[in-house]
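Worksheet for the structure shown next.
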Amino acid sequence: MDELIKKLIEVDKAARKSVENAAQSRLDAVRELDERKQELREENEREFLEISEKMKNDAFSELERAEKSIAEKEAAVAAHLTKAFEENSEKWVSDAVAGIIGC
């Protein structure tokens with residue numbers, strides 16, 4: 001009978017140890033999952049920041065190209081108007097004066 005009780009105690013100790021090991025394994029797995037989840041969050045955030053920085057730089061580059069194109073067009077229009085003024089200003093003044101004095 002004592003032998004049977006000793007065996008039961010040993011089986012109980014082994015079962016308790018297995019339960020403790022399982023509980024510790026579960027805690028370790030949860031901790032590992034939390035760590036991996038945090039790593040993934042950080043990786044996603046880094047990727048998002050890299051992508052958004054690239055998009056921002058691309059947008060600024062496009063804006064600079066558009067501004068340069070507009071400035072070139074404005075310069076061409078201003079040059080054209082200046083040339084037209086230089087070529088026609090005397091005629092315009094003469095026509096205006098003639099229109100005013102009725103000649």
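In this structure the side chain of V77 reaches within 4.5 angstrom of the side chain of L81, judged on heavy atoms. Side-chain contact between D34 and Q38: absent, with no pair of heavy atoms (C-beta onward) separated by less than 4.5 Å.
By the side chain to side chain contact (heavy atoms under 4.5 Å, CB included) test, L27 pairs with Q24, sequence neighbours left out. Shown here are the salt bridge (Lys or Arg N to Asp or Glu O under 4.0 Å) partners of E39, two or more places apart in sequence or in another chain: R36. For R31, the salt bridge (Lys or Arg N to Asp or Glu O under 4.0 Å) partners are D28, E35, not counting sequence neighbours.
In this structure, N21 CG and R16 CZ are separated by 14.0 Å, a value rounded to the nearest 0.5 Å. With values rounded to the nearest 0.5 angstrom, I9 atom CD1 is found 12.5 Å from K7 atom NZ. E45 CD to S52 OG: the interatomic distance, rounded to the nearest 0.5 Å, is 10.0 Å. With values rounded to the nearest 0.5 angstrom, E86 atom CD is found 10.0 Å from K83 atom NZ. How far CG of D95 is from NZ of K91: 4.0 Å, rounded to the nearest 0.5 Å.
A distance-only check finds a donor-acceptor pair linking the side chain of N88 to the backbone of A84 [under 3.5 Å].
Ion pairing of K6 with D2 is absent here, as no side-chain N (NZ or NE/NH1/NH2) approaches a carboxylate O to less than 4.0 Å.
In the hydrophobic clustering, where aliphatic and aromatic side chains (Ile, Leu, Val, Met, Phe, Trp, Tyr) are joined below 4.5 Å either directly or transitively, F85 groups with W92.
Here salt bridge (charged side-chain N to carboxylate O under 4.0 Å, His left out) pairs that include residues 71-82, with residues two or more places apart or in two chains, number zero.
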Could you go through residues 57-67 and list every donor-acceptor pair under 3.5 Å that involves a side-chain atom there, pairing it with any protein atom two or more places apart or in another chain?
from : atom 1 : to  : atom 2 : distance (Å)
N57  : ND2    : E53 : O      : 3.4
D58  : OD2    : K54 : NZ     : 2.9
S61  : OG     : N57 : O      : 3.0
E62  : OE1    : R65 : NE     : 3.4
E62  : OE1    : R65 : NH2    : 2.8

Practice task
Would you please test E47 and E43 for side-chain contact (heavy atoms from CB on, under 4.5 Å) and show each step?
Solution key: CA-CA 6 Å; E47 288 177 9; E43 183 179 330; 3.4 Å; yes
